[in-house]
Amino acid sequence: MKSMPAKQSYSRLVWNQYRRDRVAIMGLVFVLTLFVVALAAPFLAGSSPIAAVLDHELIFPAVSTKARLAWDRADESQKGWTLSPPVGYGPTEIDLSANLEPPGSGHWLGTDDRGRDVMARMIYGSRVSLSVGFVAVSIYTFIGIFLGAFAGYYGGKVDVIISRSIEVMMCFPTFFLILTVLAFLKPSIYNIMIILGITGWPGVARLVRGEFLKQRQLDYVTAARAVGASDFRIIFRHILPNSLAPVLVSATFGVAGAILVESSLSYLGFGVPPPTPSWGEILSQSKHYIDFAWWLTIFPGAAIFLTVTAYNLVGEGLRDAVDPRLK
Amino acid sequence: MNLQQYLLRRLMLIIPTFLGITLITFIVIQLSPGNPAAMKLRMGEQGMMGDEVTREIVEQTKKLYGLDKPIWIRYAIWLKRVVTLDFGDSYKDHRPVIEKIGERLPVTIELNLISIFLVYLIAIPVGVFSAVKQGTLQDKSMTAVLFILYSLPNFWVAVLLIMFLGGGDFLDWFPIYGITSPGMESSALLTRLVDHLWHLVLPVFCLTYGGLAGLSRFMRAGMLEEIRQDYIRTARAKGLPEKLVIFKHAMRNSIIPIITLMGYLLPGMLGGSIIIESIFSIPGMGQLSFEAVLSRDYPVVMAIATISALLTLLGILISDLLYVWADPRITYEAES
């Protein structure tokens, strides 16, 4: 408990450094906005109103299935005041009469080959990118921290085995392994998260191992051991908090990388199963209409690019804030 | 320790890494649900064959592919054959896997070697330039451009290039399909070579620009570190021209560490080849691996994973040797 104020002041210090970097702040704002978009997707795109008055009663068709069914079944005369999402189409609503329409007043970003609204699919697609990036990196950072900590702290045989595994994984054509495993499994967003999580740890493990090798000789570790702290306690309560900053920085860059891999997989057709929209999947449709349907290429690609850039900017800002010497 | 002993030790170290890689590939593929016998069985369940016939065919398929033996024996058998570069026959067209890969490997190696060469050729001067001009507008704009390149998804860039430079509604500057134009067989050698290189421009660009950013930033950081060293101050103090200080003293020393990165560039580039070769229809390893994964052609998948890993190990070994050769301060003992 006593350590709380000190910890807080360190993150305050980092934040004060970070705040000065205007570009890094822009990246952070973009990432946060994207999270809001992903969370608020049903309010931003959909054919059901966000809020509406039906038979003098306020209902929320966009978020409640029951309300939506009631709304769809109701006569026009029963309907009162409504508040509709800015994009009036759902991500999976097919309208074959309006397929491959260029961007215009009806469909802001055009439609795909089944007449689905690209804007709506982009809004929902942000959910896939953000959640895959976040969950996959959390999984492999967790694995990497454990393996790196044990290798660095215990040294000897443990270190030899873990270091060799790191080397094996680093030589591995990871993208190919991911593709192979995904070809065998049922396509699902969870499988992508897990397989990215299982294959991504070597970088983190190497980083944490290096930190632990440096820290374990320091006086505070000797002191902790002298007062009888267990290995477990020394690793997770003493050394780990001191080595977490570089891990956090690499995790931020990792999210950008994971989003890139996820969109590549979706582009190749190994992503989330249809009809769930993802940016890579919208882009992969453009393959067949490349000579005219530029909107299917430009918008999802730009979304991937901007998101990856934003995460990388946050990573840069964080790295400079954590260790200004590296600038 | 002399050079021979060092080399021997490094080669010995490759063996456990190689075993680890083959083991992972083998286990992944053996545990996968879609093996050929299971596929035949599924066909039976869907009523395409009678019950008796199904079982017989499944048994036959299992025997044919050695699937009736326990997994460790299969691994041992497979490994024994790998050592002699015998990867078995493809499930798809029953041709020897090594033959199929032999056809595809040269293009991919060509693509990747050109890309790596270009990455180094551009990244080193860019890094030096940025470091020398540290903090100026030139440095900042260079860093910004590289940063943007680093974040651009290569398949998107590939599609955009095809859209804007490869026919369609815009410019028609580059071919977007394959590595040669049809009907070129009878042309003169030079024409064929130019045509071939013309086909490689877009894919090489897509493979190059990403690695460029990382490497030149590394070069910049290395240069900045060297410039602060005492020997640079000495060189300046004794009145050497700045050009000589930068290019002869500082640059030479900061190039050494980025040589070692060469080996680690390979896995990423081979991964990038999968998507880039598929987009540009280049008949290389990348395209072959994508097809093999799609059709669950295990022998091909395993051979590709093994060969890619071997190439990577070889790349790392070569960079390590270059490192020792280029920097006399590094002793062989430092490896342990």
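Order of the sequence lines sets the chain letters (A, B, ...), proteins ahead of strands, with each chain counted from 1. In what follows, every heavy atom counts, from backbone to side chain, and hydrogens, waters and symmetry copies are set aside.
- Residue B/F26 places its CZ atom among more than 12 non-hydrogen atoms of other residues, nucleotides or ligands, all under 6.0 Å distant.
- Note on B/I304, B/N154, B/I316, B/L160: by heavy-atom pairs under 4.5 Å with chain A, the leading option is B/I304.
- Contacts between B/T312 and chain A at a heavy-atom distance below 4.5 Å involve the side chain alone, from C-beta outward.
- Residues B/W156 and A/T297 have side chains in contact (heavy-atom distance under 4.5 Å, counting atoms from C-beta outward).
- Both the backbone and the side chain of A/I298 come within less than 4.5 Å of a heavy atom of chain B.
- With contacts defined as side-chain heavy-atom distances shorter than 4.5 Å, the pair B/F155/A/S284 does not qualify.
- B/G271 approaches A/F175 most closely through the heavy-atom pair O-CD2, 3.7 Å.
- In this structure, chain A has heavy atoms under 4.5 Å from both the backbone and the side chain of B/L152.
- With sequence neighbours left out, B/K92 forms a salt bridge (Lys or Arg N to Asp or Glu O under 4.0 Å) with no residue at all.
- Residues B/G20 and A/V168 come closest through the heavy atom pair C-CG1, 3.9 Å.
- Proximity to chain B involves both the backbone and the side chain of A/F176, based on heavy atoms less than 4.5 angstrom apart.
- Looking at A/S286, the atoms closer than 4.5 Å to chain B (heavy atoms on both sides) all sit in the side chain, from C-beta outward.
- Only the side chain of B/F147 comes within contact range of chain A, with at least one heavy atom under 4.5 Å from a heavy atom of that chain.
- Looking at A/I304, A/V261, A/V308 one by one, the single match for side chain to side chain contact (heavy atoms under 4.5 Å, CB included) with B/P153 turns out to be A/I304.
- When the shell of 6.0 Å around CD of B/E225 is examined, it contains 12 or fewer heavy atoms from other residues, nucleotides or ligands.
- Considering only residues two or more places apart in sequence or on other chains, A/R20 meets the salt bridge (Lys or Arg N to Asp or Glu O under 4.0 Å) condition with none of them.
- Looking at A/F270, only its side chain comes within 4.5 Å of chain B, counting heavy atoms on both sides.
- In A/F30, the CZ atom is crowded: over 12 heavy atoms of neighbouring residues, nucleotides or ligands sit closer than 6.0 Å.
- Interface residue A/L260: backbone and side-chain heavy atoms are both found under 4.5 Å from chain B.
- Taking every heavy atom of both residues into account, B/F290 and A/L268 meet most closely at CZ-O, 3.7 Å.
- Both the backbone and the side chain of A/L313 come within contact range of chain B, with heavy atoms under 4.5 Å apart.
- Atom CD1 of A/I259 sits about 11.0 Å away from atom OG of B/S151, to the nearest 0.5 Å.
- Within 6.0 Å of the CZ atom in A/R206, the count of heavy atoms belonging to other residues, nucleotides or ligands does not exceed 12.
- The minimum heavy-atom distance between A/A183 and B/R296, with the atom names listed, is O-NH2, 2.8 Å.
- At a 4.5 Å heavy-atom cutoff, the contact between A/L179 and chain B is made by backbone and side-chain atoms alike.
- Contacts of B/I279 with chain A are made by side-chain atoms alone, with heavy-atom separations under 4.5 Å and no backbone atom involved.
- Rounded to the nearest 0.5 Å, atoms CD (A/E167) and CD1 (B/I21) are 8.5 Å apart.
- Surrounding CZ of B/F218 are at most 12 heavy atoms belonging to other residues, nucleotides or ligands under 6.0 Å away.
- For A/F35, the CZ atom sits in a packed shell: over 12 heavy atoms of surrounding residues, nucleotides or ligands are nearer than 6.0 Å.
- In this structure, chain A has heavy atoms under 4.5 Å from both the backbone and the side chain of B/I148.
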